[in-house]
Undergrad: 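Dropping a structure here in structure tokens format, bear with me for questions.
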Amino acid sequence: MPLRLYNTLGGAKEVFEPLVPDAVTMYVCGPTVYNLAHIGNARPVVVFDVLFRLLQTQYGTVTYARNITDVDDKIIAAAKQGDRSIESVTEEYTAKYREDMAALNALPPTLEPHATHHIDAMIELTLTLIEKGHAYESDGHVLFAVESMEDYGKLSGRSLDDMLAGARVEVADYKRYPGDFVLWKPAAAADPGWDSPWGRGRPGWHLECSAMIRALLGETIDIHGGGRDLIFPHHENEIAQSRCAHGGDYVRYWMHNAYLDIDGEKMSKSLDNFRTVRDLLQSYRGEVLRFALLSAHYRSPLNFSAELLDQAQSTLDSLYSTLRSVEDVALDMDVSLDGEPFYAALNDDLNTPEAIAAIHALSHQLHKATEDEKPGLKARMLAAGNLLGILGEDPQEWLQGTTADDAIGAEQIEELIQARQDAKAARDFARADEIRDQLIDSGVVLEDSREGTTWKRG
RNA sequence: GGCUCGGUGGCAGAGUGGUUAUGCAGCGGAUUGCAAAUCCGUCAACGCCGGUUCGAUUCCGACCCGAGCCUCCA
């Protein structure tokens, strides 16, 4: 089944074909480690994690790199503010980032390069750009000369004239042209810096991705992903650096996710309307957050709200209930993904909402299935869940698992259920209902069936 | 101002030139001691105005509204 991806460069869905057959290279812009990741930051992580899983079903080797930006103005500022070392800041937030993303069932990337480990490659890239006449040194800075590139602006669809029309580019007197951007800048004595041909300094924002991609994945990679707001200037400038340094295609498929909105406005650090993943994990399981992020297509804005999360929670509960009802059913090991609606949906530019709809269809069929049909349906449902990174928990544990604020324990619940059974057997329905109401007040829902009474927290 | 992208039923959210998205909520029924869950049925939408077409929510144009980028930001 061919995978089709929407390529920002060109603005259309294209059939995906890796440069090297059976081996895919993918790079996603990772965090600058100076504070906690918010749920908006988690969107690309979850989206590209689904892509990572999907690619692995079709290609023998999938190399997925996600960088850690550990040198940056904001890190320096955070260290100063907290009166602590740069390393202690970056180490703390790198560790927390990994924990938070793991809580969202995101697989670790194949490679997790740190910018500070690749300074040499950045200096080398800068030297090449100077040699080739695309960069110049000025007042201790090295700048990329955007006018030296024929089709600068192609990814974001803007020309140099367009950009100047905005007139909000930083005009600095060391720039030959206002749109030129920094490759290397001088470092203050107290700030982190590395020796370079231009004195002690540090890299500009865009340089690390170009340098690390070349060093780790090669001059041309298949997929480069990130949030929409990175299209310009970040990815545009990466293209400029890499193409001017070593020609060829830098990236074959550019993918950009839309953001999370809060009340119709972008969730962002600068607007201060964000919720951190860590904070949300106090109230919701990671899988609930993940499901919420996947409930809209990645290129559409997604309004983030308590209602969204509550709905994700109840949908997952319902799907896990279905799985619990077939807990004793063996798995058909022979299922094929080909032709599966959820698989077709994901292969169509990661249409996760449609894939979720297909899971609902499987769940629905499972309720009505004959015993013969159940092993196959269950296997298909779990396979779909696995690609989306959901439904992997034990259903019973999912439905009955305790969270921090649950007042009543499983043992006590079982005792009350037995007491209710006894009351029912004695046809004392008033007493039976009383017990059920008591459990509802404790957040426990009972479900009677011929086989007996099951319960879940809800 | 320049460049993008959107406006789908009560809500969330897919998709399509001509028969169902899906989920939640609602309504009717089955089931149940009563519920819950499940099953069956059901209501309801395509911003506005033109154009193309036998036929447009889907294509084209104008308009209105919204969001984003152009400055750190997923």
Side-chain angles (χ1 to χ4, degrees), chain A residues 8 11 28-32 34 37-48 72-74 77 153 155-170 179 205 225-234 236 256-261 264-271 274 291-293 295-303 305 307-308 310-312 314-319 321-322 324-325 341 345 348 351-361 363-364 366-368 423-424 427-430 432-433 436-437 439-440 444-450 453-456 458:
Chain A
T8 306
V28 174
C29 288
T32 301
Y34 70 104
H38 68 241
I39 187 70
N41 299 129
R43 191 174 193 188
V45 173
V46 168
V47 164
F48 290 104
D72 177 89
D73 289 349
K74 291 186 292 281
L155 180 70
S156 54
R158 50 187 98 197
S159 66
L160 290 179
D161 291 344
D162 291 341
M163 285 176 241
L164 287 189
R168 282 202 264 173
V169 276
E170 181 195 354
W205 176 34
R228 250 172 125 98
D229 42 2
L230 296 180
I231 295 173
F232 190 89
H234 184 53
E236 197 72 76
H256 295 96
N257 60 278
Y259 350 79
L260 256 42
D261 288 352
E265 230 180 1
K266 175 187 175 184
M267 179 188 290
S268 75
K269 288 175 183 168
S270 35
L271 288 173
F274 61 88
F291 188 89
L293 292 175
S295 66
H297 184 86
Y298 77 92
R299 283 189 286 111
S300 296
L302 172 62
N303 206 279
S305 63
E307 291 72 36
L308 176 76
D310 291 344
Q311 185 155 329
S314 63
T315 301
L316 281 172
D317 286 351
S318 159
L319 295 174
S321 289
T322 303
R324 178 166 69 172
S325 72
D348 182 15
N351 193 332
T352 52
E354 200 169 297
I356 289 168
I359 294 178
H360 281 294
S363 171
H364 191 60
L366 211 36
H367 283 298
K368 303 200 292 178
K424 280 173 69 177
R427 303 201 66 77
D428 182 358
F429 295 118
D433 290 351
R436 186 170 61 200
D437 290 344
L439 283 166
I440 284 173
V444 174
V445 179
L446 300 188
E447 292 171 16
D448 292 340
S449 73
R450 277 186 210 86
T453 299
T454 56
W455 62 273
K456 65 178 181 184

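Chain A is the first sequence line, chain B the second, and so forth, proteins listed ahead of strands; every chain is numbered from 1. Only heavy atoms go into these numbers, but all of them, side chains included; no hydrogens, no water, no symmetry mates.
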Undergrad: Can you tell if the side chain of Leu260(A) reaches within under 4.5 Å of the side chain of Leu293(A), non-hydrogen atoms only?
TA: yes

Undergrad: Rounding to an integer number of Å, can you tell me how far Glu265(A) CD sits from rA67(B) P?
TA: 8 Å

Undergrad: What distance, rounded to whole Å, do you find between the two P atoms, one in rU8(B) and one in rU58(B)?
TA: 14 Å

Undergrad: Would you write the dot-bracket representation of RNA chain B, where each base gets (, ), [, ], | or . depending on whether it forms a Watson-Crick or G-U pair under 3.5 Å and with which partner?
TA: (((((((..(((.....[...))).(((((.......)))))....(.(((..]....))).))))))))....

Undergrad: Please report, rounded to the nearest Å, how far the P atom of rC72(B) is from the NZ atom of Lys266(A).
TA: 12 Å

Undergrad: Measuring only the P atom in each nucleotide, how far is rA45(B) from rU57(B)? A whole number of Å is fine.
TA: 12 Å

Undergrad: Please report the distance separating the C1' of rC43(B) from the corresponding atom of rG26(B), rounded so that it comes out in whole Å.
TA: 8 Å

Undergrad: Write down the atom of Leu308(A), the atom of Ser295(A), and the distance for their closest heavy-atom approach.
TA: CD1-OG, 3.7 Å

Undergrad: Looking at side-chain heavy atoms only, is the closest gap between Arg324(A) and Glu447(A) below 4.5 Å?
TA: yes

Undergrad: In whole Å, I'd like the distance from the CD1 atom of Ile359(A) to the P atom of rA21(B).
TA: 20 Å

Undergrad: What string of B, S and - do you get for nucleotides 29-38 of chain B 5' to 3' if you count protein non-hydrogen atoms under 4.0 Å?
TA: ----BBBBSS

Undergrad: Between Asp348(A) (side chain) and Ala345(A) (backbone), is there a donor-acceptor pair under 3.5 Å?
TA: no

Undergrad: Indicate the atoms forming the closest heavy-atom contact of Leu319(A) with Ser363(A), along with that distance.
TA: CD2-CB, 3.9 Å

Undergrad: Going by salt bridge (Lys or Arg N to Asp or Glu O under 4.0 Å), name the residues that satisfy it together with Asp317(A), two or more places apart in sequence or in a different chain.
TA: none

Undergrad: For nucleotides 3-8 of chain B, give me one character per nucleotide, 5' to 3': B if any protein heavy atom sits under 4.0 Å from the base, S if the only such contacts are to the sugar-phosphate, - if neither.
TA: S-S---

Undergrad: What interatomic distance, in whole Å, is found between P of rG61(B) and the corresponding atom of rA67(B)?
TA: 24 Å

Undergrad: Partners of Lys269(A) by salt bridge (Lys or Arg N to Asp or Glu O under 4.0 Å), sequence neighbours excluded?
TA: none

Undergrad: Hey, are the side chains of Lys424(A) and Asp448(A) touching, using non-hydrogen atoms and a 4.5 Å cut-off?
TA: yes

Undergrad: How many whole angstroms separate atom CD1 of Ile356(A) from atom C1' of rU22(B)?
TA: 10 Å

Undergrad: Could you please spell out the steps behind the side-chain contact (heavy atoms from CB on, under 4.5 Å) verdict for Ser449(A) and Thr454(A)?
TA: CA-CA 8 Å; Ser449(A) 73; Thr454(A) 56; 5.7 Å; no

Undergrad: List for me each residue that meets salt bridge (Lys or Arg N to Asp or Glu O under 4.0 Å) alongside Asp310(A), sequence neighbours excluded, and say none if there are none.
TA: none

Undergrad: Name the pairs: protein N/O against N/O of nucleotides 9-12 of chain B, kept only if under 3.5 Å.
TA:
none

Undergrad: Could you tell me how far apart Ile231(A) (CD1) and rC69(B) (C1') are, to the nearest whole angstrom?
TA: 8 Å

Undergrad: Rounded to whole angstrom, note down the C1' distance from rA56(B) over to rG23(B).
TA: 27 Å

Undergrad: If the condition is ring pair (Phe, Tyr, Trp, His ring centres under 6.0 Å), which residues does Tyr34(A) pass it with, not counting sequence neighbours?
TA: none

Undergrad: Using a cut-off of under 3.5 Å, enumerate the N/O to N/O pairs linking the protein to nucleotides 64-66 of chain B.
TA:
none

Undergrad: What nucleic acid atoms does Thr315(A) come within less than 4.0 Å of, heavy atoms only: base, sugar-phosphate, or nothing?
TA: sugar-phosphate

Undergrad: Could you work out which one of rU22(B), rC72(B), rA14(B) sits closest to the side chain of Ala357(A)?
TA: rU22(B)

Undergrad: Donor-acceptor pair, distance only, cut-off 3.5 Å: does the side chain of Thr315(A) make one with the backbone of Gln311(A)?
TA: yes

Undergrad: Please give, in whole Å, the distance from rA74(B) P to Leu271(A) CG?
TA: 13 Å

Undergrad: Counting heavy atoms from C-beta on, name the nucleotide in rC39(B), rA74(B), rA14(B) closest to the side chain of Lys368(A).
TA: rC39(B)

Undergrad: My understanding is that only residues two or more places apart in sequence, or in another chain, count here; which of them pass side chain to side chain donor-acceptor pair (under 3.5 Å) with Ser156(A)?
TA: Arg158(A), Glu236(A)

Undergrad: Rounded to the nearest angstrom, tell me the gap between atom CG in Leu230(A) and atom C1' in rU71(B).
TA: 14 Å

Undergrad: Using a heavy-atom cut-off of 4.0 Å across all strands, would you classify His297(A) as base, sugar-phosphate, or nothing?
TA: sugar-phosphate

Undergrad: Name all residues meeting the ring pair (Phe, Tyr, Trp, His ring centres under 6.0 Å) criterion together with His297(A); count only those two or more places apart in sequence or in a different chain, and write none if there are none.
TA: none

Undergrad: Which part of the nucleic acid, if any, lies within contact of Ser300(A), taking any heavy atom under 4.0 Å across all strands shown: a base, the sugar-phosphate backbone alone, or nothing?
TA: sugar-phosphate

Undergrad: Assuming nearest nucleotide by heavy-atom distance, tell me which of Pro233(A) and Asp229(A) is located more 5' along RNA chain B.
TA: Pro233(A)

Undergrad: Report which part of the nucleic acid Ala345(A) touches: base, sugar-phosphate, or nothing (heavy-atom distance under 4.0 Å, all strands).
TA: nothing

Undergrad: So which heavy atom on Ile231(A) is nearest to which on Thr8(A), and how close?
TA: CD1-CG2, 3.9 Å

Undergrad: Taking the P atom of each, how far is rA44(B) from rU20(B), in whole Å?
TA: 13 Å

Undergrad: Got a sec, which residues hit side chain to side chain donor-acceptor pair (under 3.5 Å) with Glu307(A), two or more places apart in sequence or on another chain?
TA: Ser305(A)

Undergrad: Could you give the distance separating rC64(B) and rA25(B) at their C1' atoms, to the nearest angstrom?
TA: 31 Å

Undergrad: Are any of the side-chain heavy atoms of Pro31(A) and Asn41(A) separated by less than 4.5 Å?
TA: no

Undergrad: Expressed in whole Å, how much space separates the C1' atoms belonging to rG66(B) and rG28(B)?
TA: 39 Å

Undergrad: Atom CG of Leu155(A) and atom P of rC69(B): how far apart are they, to the nearest Å?
TA: 16 Å

Undergrad: Any side-chain heavy atom of Phe48(A) sitting closer than 4.5 Å to one from Asn257(A)?
TA: yes

